[in-house]
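Before any comments, here is the structure.
Indexing begins at 1, ligand by ligand and atom by atom, following the structure's order. By convention here, the first residue in the shown sequence is residue 1.
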Amino acid sequence: MIQTNIDGKKITVIKGLVEKYNRPGPRYTSYPTAPNWKKGFATADFTRHLEKGNLSQTPLSLYFHIPFCEERCTFCACSVVATKRHEVAKPYLKTLLREIDKVAEVVDHKRMVEQLHLGGGTPTYFSSQQLETLIGHVQKYFSFSKTAEISIEIDPRVTADEQIQTLSRLGFNRTSLGLQDFDPEVQKEAGRIQSEEETRHIMETAREFGFKSVNVDLVYGLPKQAPEKFRATLKKVLALQPDRIALFNFAYVPWMHAHQRKIAEKDLPDGWTKLKMFCEAIETFQNAGFDFIGLDHFAKKEDELSHARRNGTMYRNFQGYTTKADCDLIGMGVTSISYVAGAFAQNAKKLKNYEDSVTKAGWATEHGMALSEDDLLRQKIIHEIFCHQRLKRSGDFNRYFEKEIAALKPLAEDGIVAIKPDEILVTPLGRFFLRNVGMIFDAYLKTGDGKFSKTV
Ligand SMILES: C[S@@+](CC[C@H](N)C(=O)[O-])C[C@H]1O[C@@H](n2cnc3c(N)ncnc32)[C@H](O)[C@@H]1O
Ligand code: SF4
């Protein structure tokens with residue numbers, strides 16, 4: 001039995017419940033999930049949706065994927081090209097600039113940029129000058145709103161002070177640092193050695209250069225992680241005083257990322273031990289003044305993300321939880337995903353294919369999907385589950401989701417959801433099973449679907 005408290009409510013988790021619900025399932029960073037998108041969705045479909053957004057003047061969220069890392073961390077499930085040959089950055093940047101040109105031909109320049117994010121891989125694989133060229137090219141076409149969030153993922157092991165200074169000058173105001181775990185044994189097994197000193201140094205440097213929000217990424221479920229050692233990591237993390245914390249459930253998917261085979265399954269903490277560590281993190285962070293947000297995020301009570309959660313305006317996209325709802329997300333770079341006027345589009349996943357396509361045609365759309373009415377409805381439901389844990393049973397809800405409401409009954413008996421006459425709530429206990437609740441509303445999920453990581 002594990003006892004913890006969420007949002008001031010005491011909860012008890014029993015082992016049988018974890019055993020029952022810990023099965024493969026999507027994280028729902030999108031609905032429908034990417035495996036359901038269609039090959040036939042091509043550039044013409046994508047640009048048609050980009051134009052639709054012009055009509056409504058939907059604000060923009062721009063994402064750029066920089067896939068390079070000098071070395072691949074063993075635990076990593078991101079889309080990465082590992083190489084120490086830094087010269088690869090030059091043709092890649094050239095391709096990105098061409099892609100921006102093409103997007104700018106279609107997208108109305110009066111549409112404001114509310115959000116820009118550089119993700120990876122390791123965006124600081126680009127030199128200061130390359131970062132400057134990239135952002136300068138975006139600014140040539142587009143204007144940023146005064147409240148725009150301009151953010152970047154930073155690996156403290158490979159980022160120079162001078163790059164932080166450049167980013168700050170370019171208007172970057174948010175960063176998330178890859179931290180994962182401070183324990184030396186875990187770091188060795190995860191294939192990522194990172195000292196506390198280098199992490200602290202980059203956090204302090206980012207603050208010094210005026211970054212408004214300095215956040216860290218942690219992972220629970222890594223090989224050789226154990227509650228006592230994890231407790232020490234949590235303490236050290238709090239000492240760094242991050243503004244937000246993402247605590248990701250380790251996605252162990254060796255069938256998708258062969259390099260993860262170096263991690264032996266026997267070295268992984270089981271579902272129960274993982275939950276213990278997660279619960280302890282929740283308590284520790286809440287006691288330190290953080291709110292537990294959605295699936296796996298924490299933000300200070302006074303942070304605008306916590307406010308957005310309380311006001312019901314919080315949103316979740318591929319980069320995590322955000323206050324910026326209702327933007328068209330345009331992803332540029334290899335593997336990047338866009339979500340524009342009700343359609344997903346993803347660029348080519350292989351670097352060569354991406355570069356060849358953009359060089360030849362200016363675009364590299366490989367697959368995607370225009371959402372049907374049913375998709376949009378279910379997308380909204382899954383969004384509510386992951387952001388606010390509350391579904392209103394208004395309008396046609398009861399008739400339309402009759403099957404799903406029936407399927408929720410066993411979850412209600414297990415205390416994961418509360419089915420009330422006018423709404424369905426995910427309980428504080430249910431916060432550990434958001435993915436399982438989401439799966440009930442997923443019209444595409446086949447039973448026995450084993451290609452996802454485990455839900456707990
Ligand atoms: C692109 S990386 C962050 C930037 C930079 N490459 C770094 O590692 O510092 C994004 C984050 O994804 C998370 N991540 C990577 N692989 C993961 C996995 N297998 N399971 C869960 N989270 C993972 C890590 O927390 C990582 O910091
Ligand atoms: S965790 Fe970050 S640095 Fe490590 S391989 Fe993945 S993207 Fe690269």
Flag the pair L275 / V13 as yes when at least one side-chain heavy-atom distance between them is below 4.5 Å, and no otherwise.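 Side chain of L275 against side chain of V13, heavy atoms only: contact under 4.5 Å found.
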Is C69 in polar range of ligand 1, meaning some N or O pair under 3.5 Å apart? no
Output yes when the distance from some N or O of ligand 1 to some N or O of F75 is under 3.5 Å, and no in every other case.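 Looking only at distances, the answer is yes, because the N/O contact criterion of under 3.5 Å is met.
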[X]: heavy atom below 4.0 Å from ligand 1, yes or no?
X: L179; answer: no
X: G119; answer: no
X: C78; answer: yes
X: Q260; answer: yes
X: V253; answer: no

Atom 3 (C) of ligand 1: which protein heavy atom is closest, and how many Å away?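 So the nearest neighbour among protein heavy atoms is E153 OE1, 3.8 Å.
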Considering non-hydrogen atoms of the protein only, which is the closest contact for atom 24 (C) of ligand 1, and what is the distance?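 Checking every protein heavy atom, the shortest distance to atom 24 (C) of ligand 1 gives Q180 OE1, 3.3 Å.
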Salt bridge flag under 4.0 Å for residues D328 and R111: yes
Quick look: E70 vs ligand 2, heavy-atom contacts under 4.0 Å, and the answer is neither
Taking 2.8 Å as the cut-off, does an N/O/S atom of C69 lie below it from atom 6 (Fe) of ligand 2?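 So C69 does not bind atom 6 (Fe) of ligand 2 by this criterion.
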Can you tell which of H257, R192, M256, Q194 gets a heavy atom nearest to atom 9 (O) of ligand 1? R192
Within 45° cone and under 6.0 Å: R316 NZ/CZ vs Y321 ring: yes
Which segment of F250 sits under 4.0 Å of ligand 1 when only heavy atoms are counted: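 Both of them.
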